[in-house]
Structures are given as C-alpha cells and as structure tokens.
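Shown next, in structure tokens, is the structure this report addresses.
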Amino acid sequence: MRPLRSTCVFSISLLFSVAQSGAQVATEHPELIGGPWEVASASGIDGIFFEIETSSSGPTGREQFDWQTMNIRVYHREGGTETWGYLGTKDKASPQSYGMQDGHSFTLFDGERLRIHFTDNTDIKHFDLDITFSAAFEKWTGIWSRSGQSFNVVLKRPAPNPGVTPSVFVGDWIGESPPHFLPGSLHIRQSRDGMLCAWWNHTTSAIDPKSVSIHNNQSNGVSLKVSSATDAGLVLDTTNAMGPPSQFRGTLSEDHQVLTGSWEGTGGGRLSAPDRFRRAPSPAAP
C-alpha cells in the first residue's frame, strides 16, 4: 500500500454563542453523523469525515446546548493515494442561505443539508456538493459536481465490496471503562479499496460544585489512524496535531468479541481511553 499524501487544508467550524435558553446547534445527535461517509466510483473513493465537539449543561435528554464545533474533512482516494482537506464556516446555515451564488468558496450546513462550493486553486479539483442526511436510512443523498459534470451520489459508512470478507477488527466496540478513563465507543470500518479507518466517540460529565449543575462534553468522530491490522493485532494512532501522540496496541480474544490492549503516549501524555473493548451486537436484520 502506498503512503497517503495530504495536499490542501480547509476547515469547517460551527461555533454558537451561549444563550439563556441554550445555544442553537447544528445537530443535537452528533453521534449519528460523526465519522466517515463515502461513495466509490471508477475514479476512486470520495468521502467526508465529520469530527464534532459539543458542550451542554443538564442531564441527558434535558440538556441545554452551550456550543458545538464541527470539522469536515473532504477526501479523494485512488490507488492508495489520498488527497484531502477541511472546509470552513462558523454559522448554522439558514434556509435562505442555500440560495447563495458566489464566486468564492463557501460551506453551508444546518445539521441535515450540507452544501459546499469550492473554487480555491489547490490539488483538490473545484467541486460542488449538495447532499442531505437521512438518519433513518443512515446515508447522505444528493449531487456531487466537478469538472463540468454532476453525479447523483449516495454516501454511506465505508464497507468492502460485496462478497469480500472484512477484517476481523471491523465493527463497533464498546469501551469497558475503569475509573478515571473516558467511557465511549470505538468504530472501525473497511472501504471498498481495502483501506481501514477508525474513529472514537466519548462523553464526559462533571458536576459544578458551586452551581451543582451538570456539564457535558461530547466528542464524536475523533479520527484514529489504523497503522496496522494483522493476525498479530491492531495498532491505532491518534491524529490530533494539537495534542501529544498516543498509540493503542491490542489483540482479539479467541472468539473475536473482546479487544484488549494498552494506550501508550509520548511526551508525558496518553489517550484516557479504555484498554478493553467489547464488540457491540450487530443490528437485527429487518
């Protein structure tokens, strides 16, 4: 497999100010969106990857949202080489904003509809993306346009070609958390070209001793690099350039239901994530 090549960097950020009644965030269920979504074609694989941070106050189900930030990485991969970047905005899109016509790049997102118009001069070809998310069917549908051509697309979670047996590590894994470690879940998928990807979801809650109010911080779609996945075990590396690197090395139980290992960090830090994960039951067939 040839090494991945990064090219252009663009950013998307949705940041909302705090109001007395709570902030209006793009999505109240970031766990449904965080992580990768992609479509395969003759020209390779095109995808989007959401990383979402959400802050709220109050108990689950009755929380008030304080703020939310969202980064969307857009990528194209062909022959093992990947070009990618981040798109940027800081406001939740209004219904009127989707009629915008502008010669410059812009990004609009309201939690369901994502519209991107990209015209910058980079290795990423100019493109337009207009897709809508369906939580019920777990997919995005719409139009992706580039080089004067428009294509109807359906973006789903990465999956191998029909008939291909995926890696034994593919699946959803629930962390079995000891004290002082972040509870959460690990998600691993395999694309049609065989590439593995992973992401981590977690939530922390704390009680303010002065106000006795509950504060929650939720991270969805925290990207992890699958550095190795063999019979000998799984190796994951964090990709956050702002924090110290951390690496997970784990192996599967004989029945492939438990993933056990350890996180090791450099520079005095390590990811406060569980060392043991149990495979989540597969959804029942309809």
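Numbers here are sequence positions counted from 1.
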Closest approach of L186 to W200 (non-hydrogen atoms, all atoms of both residues): N-CE3, 4.2 Å
Show your working on side chain to side chain donor-acceptor pair (under 3.5 Å) between E112 and T132 and close with a plain yes or no. CA-CA 5 Å; E112 292 185 351; T132 301; over 6 Å; no
dist L114:CG -> L129:CG (nearest 0.5 Å) comes out at 5.5 Å
Before you tell me yes or no, could you show the steps for Y98 and M100 under side-chain contact (heavy atoms from CB on, under 4.5 Å), namely the whole-Å CA-CA distance, both residues' side-chain angles and the distance that decides it to 0.1 Å? CA-CA 5 Å; Y98 285 98; M100 179 188 300; over 6 Å; no
Mind checking what makes side-chain hydrogen bond (donor to acceptor under 3.5 Å, both in side chains) contact with D237, not counting sequence neighbours? S227, Q247
Can you classify the ring geometry of W199 versus F49 as parallel (below 30°), tilted (30 to 60°) or perpendicular (above 60°)? perpendicular
Any residue meeting side-chain hydrogen bond (donor to acceptor under 3.5 Å, both in side chains) with S223, in chain and number order, not counting sequence neighbours: none
Residues, nucleotides or ligands: over 12 heavy atoms within 6.0 Å of Q257 CD: yes
How far apart are the closest heavy atoms of A229 and L196, and which atoms are they? CB-CD1, 3.5 Å
What are the two closest non-hydrogen atoms of F118 and K125, and how far apart are they? CD2-O, 4.0 Å
From T204 atom OG1 to N217 atom CG, the distance as rounded to the nearest 0.5 Å: 4.5 Å
Test side-chain contact (heavy atoms from CB on, under 4.5 Å) on I131 and I48; report intermediate values, then the result. CA-CA 11 Å; I131 53 177; I48 53 178; 3.8 Å; yes
Any chain of hydrophobic side-chain contacts (each under 4.5 Å) joining V235 to W173? no
Does CG in D255 sit with more than 12 non-hydrogen atoms of other residues, nucleotides or ligands closer than 6.0 Å? yes
For V168 and R279, which heavy atoms make the closest approach, and how far apart are they? O-NH2, 2.7 Å
Does any part of the side chain of F50, heavy atoms only, come nearer than 4.5 Å to the side chain of F109, both counted from C-beta? yes
Please determine whether residues I174 and I188 belong to a single hydrophobic cluster, defined as Ile, Leu, Val, Met, Phe, Trp and Tyr linked transitively by side-chain heavy-atom distances below 4.5 Å. no
So, does H76 use its side chain to make a donor-acceptor pair with the main chain of S43 at under 3.5 Å? yes
Looking at every non-hydrogen atom in both residues, tell me the closest pair between L236 and A198 and how far apart they are. CD2-CB, 4.2 Å
Side-chain contact, heavy-atom cut-off 4.5 Å: F169 with L252? yes
Once you round to the nearest 0.5 Å, how far does CG of L234 lie from OG of S167? 7.5 Å
Are the side chains of R77 and D193 in contact, using a 4.5 Å heavy-atom criterion? yes
Any side-chain donor paired with an acceptor under 3.5 Å for S213 and H215? yes
Minimum side-chain heavy-atom gap F106-H104 below 4.5 Å: no
Honestly, is R157 close enough over W37, meaning NZ or CZ under 6.0 Å from the six-membered ring centre and within 45° of the axis? yes
Yes or no on side-chain contact (heavy atoms from CB on, under 4.5 Å) for N220 and L32, after CA distance, side-chain angles and deciding distance? CA-CA 9 Å; N220 297 95; L32 301 179; over 6 Å; no
How many angstroms lie between atom CG of N216 and atom OG1 of T54, to the nearest 0.5 angstrom? 10.5 Å
Can you tell me how far the CG atom of D172 sits from the CZ atom of R278, to the nearest 0.5 Å? 15.0 Å
Hits for side-chain hydrogen bond (donor to acceptor under 3.5 Å, both in side chains) against S185, two or more places apart or cross-chain, chain-then-number order -> H187
Would you call Q190 and P166 a side-chain contact if the rule is heavy atoms closer than 4.5 Å? yes
Rounded at 0.5 Å granularity, tell me how far OG in S262 sits from CG in D275. 6.0 Å
Applying salt bridge (Lys or Arg N to Asp or Glu O under 4.0 Å), name anything that partners R113, two or more places apart in sequence or on another chain. D130
side-chain contact (heavy atoms from CB on, under 4.5 Å) between F277 and E176, worked out: CA-CA 6 Å; F277 297 87; E176 298 184 340; over 6 Å; no
Applying salt bridge (Lys or Arg N to Asp or Glu O under 4.0 Å), can you list everything that pairs with R249, at least two apart in sequence or on another chain? none
Apply side chain to side chain donor-acceptor pair (under 3.5 Å) to residues S56 and D66 and explain how you reach the verdict. CA-CA 5 Å; S56 63; D66 302 324; 5.9 Å; no
Give a yes or no on this: more than 12 heavy atoms of other residues, nucleotides or ligands lie within 6.0 Å of atom CD of E31. yes
May I ask you to test the V25-W67 pair for a side-chain heavy-atom distance under 4.5 Å? no
Considering only heavy atoms from C-beta outward, does the side chain of E78 approach that of I45 to under 4.5 Å? no
What class does the angle between the rings of W263 and F248 fall in, given that below 30° is parallel, 30 to 60° is tilted and above 60° is perpendicular? tilted
Which atom names give the shortest non-hydrogen contact between V222 and S219, and what distance separates them? CG2-CB, 3.8 Å
Do R192 and P158 touch side chain to side chain, with heavy atoms closer than 4.5 Å? no
Side-chain atoms of residues 135-155: list all donor-acceptor pairs with protein atoms under 3.5 Å, sequence neighbours left out, distances to 0.1 Å.
from	atom 1	to	atom 2	distance (Å)
S145	OG	S150	OG	2.7
R146	NH2	D46	OD1	3.2

Donor on one side chain, acceptor on other, E38 and S191, under 3.5 Å: yes
